Student: 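Supplied in structure tokens, the structure appears directly below.
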Amino acid sequence: MTEEWLQCIGCRSQYPIQEVRYACDCGNLLAVERPPEALSALHPSLFDARASQRAPIDQSGVWRFREAVLDVGERDIVTHPEGGTRLYSRPQLSAWAGIEHLSFKHEGENPTGSFKDRGMTVGMTQAVRLGARAVACASTGNTSASLAAYAAQAGKKAFVFVPSGKISLSKLAQSLAYGAFHLKVDGDFDSAMRLVRQACESLGIYLLNSLNPFRIEGQKTIAWEILQDLAWEPPDWIALPAGNLGNTSAFGKALLEAFRAGWISKLPRLAAVQSSTANPFFLSYQQDFKTRIKVKAETIATAIRIGDPVSFEKAKDAILATRGVVAQVSDEELLLAKRQIDRAGLGCEPASACSLAGVKSLRERGVIQARERVVCVLTGHLLKDPDAVLHPIPGQSNSGEQIVDVKCTMDSVASALDRWL
């Protein structure tokens, strides 16, 4: 077991690991920290050996790294298991992006269909350890589905604050099915986020959005599993969608910890990609992060429709520490990238496609070189937002053209098929 504590990312004040708090008294967010020797004493061979074991805790792509995630007894862990997602390569996507060595980490293969399960298993385990009577989150859909599933497993009441009219029915159906109670907020995600924070503080409910530092401890294992997938030979770049910036901050923390512990020989660079109509982090990056910019977000990629990301400071540190970049792509560009991913047989929700769209844009601008090794993170499953498949893309054929009515005769079938053969 290792000693852990909560530490402010700003003033470095420390708090006990079992204190219920999400921010420092100075206002900055907290991170879970441990002595440097706790990680350097570990070796990737330990994690590799566990990956071939049959126990759920070892099959989990989170708890496989447990000594570096959370100091908690194995019996107290709430795991599905999650993680263990695959790393794919597709020649047609490499050719489309102009990158010779391009891979895709598909987090849509998690139990509830998104990367959120990695953070939720750790956050829910901490909630159980603290004896929380209920848990809550604000969500555009993926967090709520994950929260509801893990709360059901842990026997906790779950409350979800969703922006009215701004959530995919597929995602809402998940959290409803798992038994969560929903509050439709008359406002956007940022309004729901402010409201759930107030509600949790005043009503003694445990908050499980990504500002919760234990969520970040789970999400950082995406980066570690990518390294493990590549036999601990780090890629040059890892590209990911950027919304509330929990993953950007988690990846930065993971890569720095792995590098300092001696697990890898170099730091990959991060490329955080936003929609151009939900781009506060990009706009701040354009000003060298001198100003924290907020926007009124609106994009077809509902998972990243966020104008005031709570993990801004952590994500900024991650970009700077990895010599990373922040990019933006239009909704048209991300939908086109999504179609390429879908047609390659992988599939993803719209927000996920930001990673590929961003890599293509960065390659065209010469930021990423053709022979560099790049991993794109796909954060959510295709069926998270099935309606997006039918969304028209200017200059492209409509997916609706793939559907045709036929009579119950062979002549009608032959006539229809002749159009496509």
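Only a predicted model underlies this, so the values are computations on that prediction, with no experimental measurement involved.
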Student: For a side-chain contact (heavy atoms from CB on, under 4.5 Å) check, start with the C-alpha distance between V162 and F189, then their side-chain angles and the critical distance, and finish with the verdict.
Tutor: CA-CA 7 Å; V162 297; F189 171 82; over 6 Å; no

Student: I need the single residue from D58, D71, T221, T79 that forms a side chain to side chain donor-acceptor pair (under 3.5 Å) with R66. Which is it?
Tutor: D58

Student: I'd like to know if the side chain of S114 and the backbone of G380 have a donor-acceptor N/O pair within less than 3.5 Å.
Tutor: no

Student: Give a yes or no on whether a salt bridge exists between E349 and K171, defined as a side-chain N under 4.0 angstrom from a carboxylate O.
Tutor: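 Judged by the 4.0 Å cut-off on N to carboxylate O distance, E349 and K171 do form a salt bridge.
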
Student: Quick one: ring-ring contact (aromatic ring centres under 6.0 Å, His included) pairs with a partner in residues 238-271, sequence neighbours left out?
Tutor: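 The answer is F47-W263, W224-W263.
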
Student: Side chain of E372, backbone of W237: donor and acceptor closer than 3.5 Å?
Tutor: no

Student: Taking G113's backbone N and O only, do any of them form a donor-acceptor pair with N110's side chain (distance below 3.5 Å, no angle check)?
Tutor: no

Student: Within a strict 4.5 Å, meaning less than it, do heavy atoms of the N244 and S311 side chains meet?
Tutor: no

Student: Between Y15 and R21, is there a cation-pi geometry (under 6.0 Å to ring centre, at most 45° from the normal)?
Tutor: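 So R21 does make the cation-pi contact.
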
Student: Look at the side chain of K314 and the backbone N and O of L29, then say whether any donor-acceptor pair between them is shorter than 3.5 Å.
Tutor: no

Student: Would you say that more than 12 heavy atoms from the other residues, nucleotides or ligands in this model lie under 6.0 Å from the NZ of K266, or not?
Tutor: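 Correct, the count exceeds 12.
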
Student: Does any non-hydrogen side-chain atom of L383 lie less than 4.5 Å from one of S170?
Tutor: no

Student: Rounded to the nearest 0.5 Å, what separates atom CZ in R292 from atom CZ in F312?
Tutor: 6.0 Å

Student: Tell me whether T277 contacts the main-chain N or O of E298 through its side chain, where contact means a donor paired with an acceptor under 3.5 Å.
Tutor: yes

Student: Determine yes or no for a side-chain-to-main-chain donor-acceptor pair under 3.5 angstrom, with T125 supplying the side chain and T121 the backbone.
Tutor: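 It does hold such a pair.
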
Student: To check you understand the geometry: which heavy-atom pair defines the closest contact between L30 and C24, and what is its length?
Tutor: CD2-N, 3.7 Å

Student: Verify side-chain contact (heavy atoms from CB on, under 4.5 Å) between V185 and S164, making sure each step is shown before the conclusion.
Tutor: CA-CA 5 Å; V185 178; S164 182; over 6 Å; no

Student: Regarding Q340 and R343, is there a side-chain donor-to-acceptor distance under 3.5 Å anywhere?
Tutor: no

Student: Between Y22 and Y206, how do the two ring planes meet: parallel, tilted or perpendicular, split at 30° and 60°?
Tutor: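 Y22 and Y206: tilted rings.
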
Student: Is a salt bridge present between E67 and R50, judged by a nitrogen-to-oxygen distance below 4.0 Å?
Tutor: yes

Student: If the threshold is 4.0 Å, N to carboxylate O, is there a salt bridge linking D308 and K294?
Tutor: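 Yes, this pair counts.
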
Student: Indicate yes or no for a side-chain donor-acceptor contact from R305 to the backbone of T299 under 3.5 Å, with no hydrogens or angles considered.
Tutor: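 Yes; at least one donor-acceptor contact below 3.5 Å.
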
Student: Are V160 and L147 side-chain neighbours, meaning at least one heavy-atom pair lies under 4.5 Å?
Tutor: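 Side-chain contact under 4.5 Å: yes.
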
Student: Quick one: pull up CG in L346 and CG in L356 and give me the separation to the nearest 0.5 Å.
Tutor: 10.0 Å

Student: Rounded at 0.5 Å granularity, tell me how far CZ in R118 sits from CD in E82.
Tutor: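 If we round to the nearest 0.5 Å, R118:CZ and E82:CD are 8.0 Å apart.
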
Student: With the side chain counted from C-beta on, respond yes when W5 and P35 share a heavy-atom pair under 4.5 Å apart, and no when they do not.
Tutor: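 Side-chain contact under 4.5 Å: yes.
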
Student: Using side-chain heavy atoms (C-beta onward) and a distance below 4.5 Å, is K220 in contact with E257?
Tutor: yes

Student: Kindly state whether the ring of F281 and the ring of F289 have centres lying under 6.0 angstrom apart.
Tutor: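 Judged by ring-centre distance (under 6.0 Å), F281 and F289 do meet the cut-off.
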
Student: Got a second to check how far T143's OG1 is from L208's CG, nearest 0.5 Å?
Tutor: 9.5 Å

Student: Do you know which two heavy atoms are closest between T85 and D229, and how far apart they sit?
Tutor: O-OD2, 4.2 Å

Student: For residues I264 and P234, determine if any side-chain heavy atom of one lies less than 4.5 Å from a side-chain heavy atom of the other.
Tutor: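 I264 reaches P234 side chain to side chain.
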
Student: Are the side chain of H101 and the backbone N or O of I99 linked by a donor-acceptor pair below 3.5 Å?
Tutor: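 Absent.
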
Student: How many angstroms lie between CG in D117 and CE in M124, if you round to the nearest 0.5 Å?
Tutor: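 Between D117 CG and M124 CE, I get 10.5 Å after rounding to 0.5 Å.
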
Student: Hey, is CD on E100 packed in by over 12 heavy atoms from elsewhere, all under 6.0 Å?
Tutor: yes

Student: Salt bridge check: are E217 and R34 linked by an N-O gap of less than 4.0 Å?
Tutor: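 Salt bridge between E217 and R34, a charged N being under 4.0 Å from a carboxylate O: yes.
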
Student: Would you mind reporting whether T379 and L240 have side-chain heavy atoms less than 4.5 Å apart?
Tutor: no

Student: How far apart are the closest heavy atoms of E74 and I57, and which atoms are they?
Tutor: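 E74 and I57 have their closest heavy atoms at CG-CD1, 3.5 Å.
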
Student: If every non-hydrogen atom of P268 is compared with every non-hydrogen atom of T322, which pair is closest and at what distance?
Tutor: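 Reported closest heavy-atom pair: O-CB, 3.6 Å.
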
Student: What heavy-atom pair brings S275 and I304 nearest, and what distance separates the two atoms?
Tutor: N-CD1, 4.0 Å

Student: Could you grab the distance from atom CG of D385 to atom NZ of K338, nearest 0.5 Å is fine?
Tutor: 7.5 Å

Student: Is it the case that the side chains of R215 and Q219 hold a donor-acceptor pair, with the cut-off being a distance below 3.5 Å and no angle test?
Tutor: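 Side-chain D/A pair, Q219 to R215: present.
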
Student: Which atom pair, heavy atoms only, marks the closest approach of N142 to A303?
Tutor: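 Here N142 and A303 meet closest at ND2-CB, 4.0 Å.
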
Student: For side-chain contact (heavy atoms from CB on, under 4.5 Å), just list the numbers for S146 and T112, CA-CA rounded to whole Å, side-chain angles, deciding distance to a tenth of an Å, and then say yes or no.
Tutor: CA-CA 6 Å; S146 185; T112 72; 3.9 Å; yes

Student: For the residue pair D48 and Q228, confirm or rule out a side-chain donor-acceptor distance under 3.5 Å.
Tutor: yes

Student: Are Q53 and Q59 close enough that some pair of their side-chain heavy atoms sits under 4.5 Å apart?
Tutor: no

Student: Backbone N or O of V32 within a donor-acceptor pair of the K253 side chain at under 3.5 Å?
Tutor: yes

Student: Got a donor-acceptor contact below 3.5 angstrom from the N279 side chain to the Q328 backbone?
Tutor: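 Absent.
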
Student: I'd like a table of donor-acceptor pairs (distance under 3.5 Å, sequence neighbours excluded) in which one partner is a side-chain atom from residues 361-368, with atom names and distances.
Tutor:
from, atom 1, to, atom 2, distance (Å)
R363, NE, G98, O, 3.3
R363, NH1, I368, O, 3.3
E364, OE2, K360, NZ, 3.3

Student: One thing to verify: whether E107 and K116 come together as a salt bridge, which I'm taking to mean a side-chain N less than 4.0 angstrom from a carboxylate O.
Tutor: no

Student: Ion pair present between E225 and K105, side-chain N to carboxylate O less than 4.0 angstrom?
Tutor: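 Salt bridge between E225 and K105, a charged N being under 4.0 Å from a carboxylate O: yes.
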
